[in-house]
Amino acid sequence: MPEKVHTKFGGSDDESLKPKTSDLPPASLVEEGNRKKKRNKKRKLDQVAEESQTATSDRSVQVARTDNTSPSGPATPKEASESEHAPAIEQGDTPAETTNFTSKPKHKSKPVHRSLTDTKTNFNSLREKANKLYESRKKLPIFNHADEIRQKLRDQDVMLLVGETGSGKSTQIPQFLVNEFWCRPTPTKIQKGDGSEKSKTVGGCIAITQPRRVAAISLARRVADEMGTPLGSSSPASKVGYSVRFDTSTSPSTRVKFLTEGMLLQEMLHDPWLTKYSAVVVDEVHERGINVDLVVGFLRNLVSGNLQGRGGVPLKVVVMSATADMESLMGFFQEGLKEQPQPPVHKTITNGDQTGELSTRASRTITACHIKGRQFPVKMIYSPEPVHDFVDAALKIIFQIHYKEPMPGDILVFLTGQETVENLENLVNEYATGMDPSLPKIQVLPLFAALPQAAQQRVFAPAPPRTRKVVLATNIAETSVTVSGVRYVVDCGKAKVKQFRTRLGLDSLLVKPISKSAAIQRKGRAGREAAGQCFRLYTEKDYLALDETNTPEILRCDLTQALLNMKARGVDDIVHFPFLTRPPREALEKALLQLLNIDALQEDGSISEIGLQLAKLPLSPTLGRVLLAASEHGHECLLDVIDIISCLSVENIFLNTTSEEKKEAAETARRDLYRREGDHLTMLSTVRAYAGENVDRKAWAERHLVSHRAMQSVMDVRKQLRAQCRLSKMLPREERGDQYPDPSPELILRSFLAGFATNTARLVPDGSYRTIVGNQTVAIHPSSVLFGKKVEAILYNEFVFTNRSYARGVSAVQMDWVGEALAGK
DNA sequence: GAGCACTGC
């Protein structure tokens, strides 16, 4: 019988600024196998909270966090919960405060002396746990395909795998493959450019990419448990690890490594042939983020090339998707293999007791595999006629469900944004007060990314007795967050989509119809635990007219970063790069021009020294350029600019205020942070004040209505950038103390102009601003400290179109600075 | 007078 476990992790954890006050469970509850301490401070506690949300198979663990430590939200990664063998979670279970834990916080107690016996127990208990999990693994739909998949990959190098939701692909595929003969480290000789040979061991490890950090971490945890091995850096014997930004946990014996797509791209900059790996598994390709497109393009080049950099050792590639749109991928890889026909190279390998023949290019075909998922049936109800006001329509459906349908069964409503969520929230609450008191109650829970962490957590708690939860969510619930208990989905059929408009150089954020695959994904959220129903607030005809799939991000975003990455990887001929979807020529040209403008490329289009430096920075090329420019203005300026860049590369650090009186309180509290020079210097003063707060940063953030979560990310980025600058000798080795000399606004803003010279506008006589390049009208965004102010010229971080054109992240600059920056090109 | 969702040695 499943049991719900509720744990509260209290207190903030500001880098050990203060003692931990968390009400962690007593040490006696901490399981042996996890007792080894690595006091990696806050991330670890976080990780545990996240992991605990991905319920283990015999227990459903829900964790409510009261702190704000996670930068990535409360996501319950999809696959991890997919691998539960019993998807049904009982409703109305009494929450128990403490019970037996399997995954536990690294307890902040004195170091534990581990004797040999202890260690033995650890491994025994790990094995026991793995044995238990094996029973549920056997029930996964993919499990019976293990031999088939292994056989196919022995014969061929590339496999496309469609695994529907609930098939268990993300956790099982690496385990199916890790003991294959071709997956062993293989000693080989690599021919270098000068013709000399170098001995090197290639392969031995499997990489599995994920679009999101939380998913990478919790999948690694799950697979470590299933394999009966400790996780990551906790033991040198660990076979499973992960690598995401700010948090890498691997060991010398890591064989299975989960990483984010961005992390793999970063690794490829240093090791283009991926010599550590025998296989790369690309998961969730159907989401089609820009990074996955780059990864797949690089991999196609790799598998269809001569493998010289791998000493002839083949690389197996498994591309996994939840939707069946595999024809295009099939054609994509086949074309690559056709293009460069190579005589098959055979390589005989003696590896311990086994000898085998690794045939590179064993076959020039690509294999595919389709695994059915496990979902409960979902009944579809369409709107009989087109809906004009979907908030109003959703309101009616919610109460129709509530009156007619039995309990339990929570409702998940997909809306477009914070505004529609809050409108509907008010309406539902209003109607619910007039409801017949004999009916079950309604609990309305909003869910969107900008919502503070604690409020987001509320959706994970089961509804109180005789109460139906109604979760009003944005797209966040489509991929990132899984809400349990849902049996009814209401889908408005729309979402806000960001689209970069090359010609104007601006991002627009507009409400657009979703794709069929997104509609199917939303519908699926009703059938995870029991049979469900999906109410579409559009007609069947409208549904049939939707696009098949989401527009790949590569067609919707600025390409400068992608192109810089390609150039840094040695792809000089962008035109012939194997794009999964080729962006329009205009977009590519615009990005190349931008790279040229910031000196990342030389006149002939090849990458410059600056470009190489920029590609290694975890920043957009433009922000990276600002950082390099600042380093020429001295250490103080560089440190100041790092603080500002850190703010610009995370979500909004200032909280939005809803009520009027709160707004006034915020204005008062923030007054000492505001700088008349604009948002850049305001961010600097905020980071300085936050970093200088040595007592309670969380309380400080709350007082100033600053997002503590965002500030923690800022501090992470700041730390990373400082470390990188020290490595590249832009900063001295020792840290600066907390003594800050007054910043120089002019030097700082001139540094920004080195990257943002084209993001400038001047005041025109009618009182509006016009962009200096392009002469577009642009208004200062209401969130800016310069909102409503008139200055000679402005520099802005972003140009966004929502209801009108806004400049966001704005500072006042002088026209002659702008002129010099533009002329400097 | 306004804030879809992700992500990086």
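Given the structure is predicted, the values throughout are model-derived calculations rather than measurements. To find a chain, count down the sequence lines: A is the first, B the second, and so on, and within it residues start at 1.
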| For A:Tyr806, which residues count as a ring-ring contact (aromatic ring centres under 6.0 Å, His included) partner, sequence neighbours excluded? |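 A:Tyr806 satisfies ring-ring contact (aromatic ring centres under 6.0 Å, His included) with A:His781 only.
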Reckon [X] touches a base, only the sugar-phosphate, or nothing at all at heavy-atom distances under 4.0 Å?
X        : answer
A:Ser243 : nothing
A:Ser649 : nothing
A:Leu617 : base
A:Ala495 : nothing
A:Leu265 : nothing

Nucleotide nearest [X] when distance is taken to its side chain, options [options]:
X        : options             : value
A:Ser783 : B:dA5, B:dG8, B:dA2 : B:dA2
A:Tyr806 : B:dA5, B:dA2, B:dC9 : B:dA2
A:Lys498 : B:dC9, B:dA5, B:dG3 : B:dA5
A:Pro782 : B:dA2, B:dC6, B:dG3 : B:dA2
A:Phe448 : B:dA2, B:dG8, B:dA5 : B:dA5
A:His781 : B:dA2, B:dC9, B:dC4 : B:dA2
A:Phe787 : B:dG1, B:dC6, B:dC9 : B:dG1

Interatomic distance, [X] [atom1] vs [N] [atom2] [rounded to whole Å]:
X        : N     : atom1 : atom2 : answer
A:Lys512 : B:dA5 : NZ    : P     : 17 Å
A:Asp679 : B:dA2 : CG    : P     : 16 Å
A:Asp507 : B:dG3 : CG    : P     : 12 Å
A:Glu798 : B:dC4 : CD    : C1'   : 13 Å
A:Tyr242 : B:dC9 : OH    : P     : 14 Å
A:Phe390 : B:dC4 : CZ    : P     : 11 Å
A:Gln561 : B:dC6 : CD    : P     : 18 Å
A:Arg212 : B:dC4 : CZ    : C1'   : 14 Å

| query | Between A:Gln720 and A:Glu553, which is nearer to the 5' end of DNA chain B once each is assigned its nearest nucleotide? | reply |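 This one resolves to A:Glu553.
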| Taking the nucleotide of DNA chain B with the closest heavy atom to each, which residue, A:Leu614 or A:Thr474, is nearer the 5' end? |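 The residue whose closest nucleotide sits nearer the 5' end is A:Thr474.
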| Distance-only donor-acceptor check, side chains A:Thr581 and A:Arg288, under 3.5 Å |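 Yes, because at least one side-chain N or O of A:Thr581 sits under 3.5 Å from a partner of the opposite role on A:Arg288.
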| Would you say the side chains of A:Asp679 and A:Ser811 form a donor-acceptor pair under 3.5 Å? |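 Judged by distance alone, the side chains do not pair up.
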| request: Tell me, please, whether A:Phe500 has A:Arg556 positioned over its six-membered ring: NZ or CZ under 6.0 Å from the ring centre and within 45 degrees of its axis? | output: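 Cation-pi check for A:Arg556 and A:Phe500: fails.
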| field | Residues in salt bridge (Lys or Arg N to Asp or Glu O under 4.0 Å) contact with A:Glu425, at least two apart in sequence or another chain | value |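 Salt bridge (Lys or Arg N to Asp or Glu O under 4.0 Å) check on A:Glu425 returns nothing, list empty.
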| said: Below 30° counts as parallel, above 60° as perpendicular, anything between as tilted: where do the rings of A:Phe799 and A:Tyr796 land? | reply: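 Correct class here is tilted.
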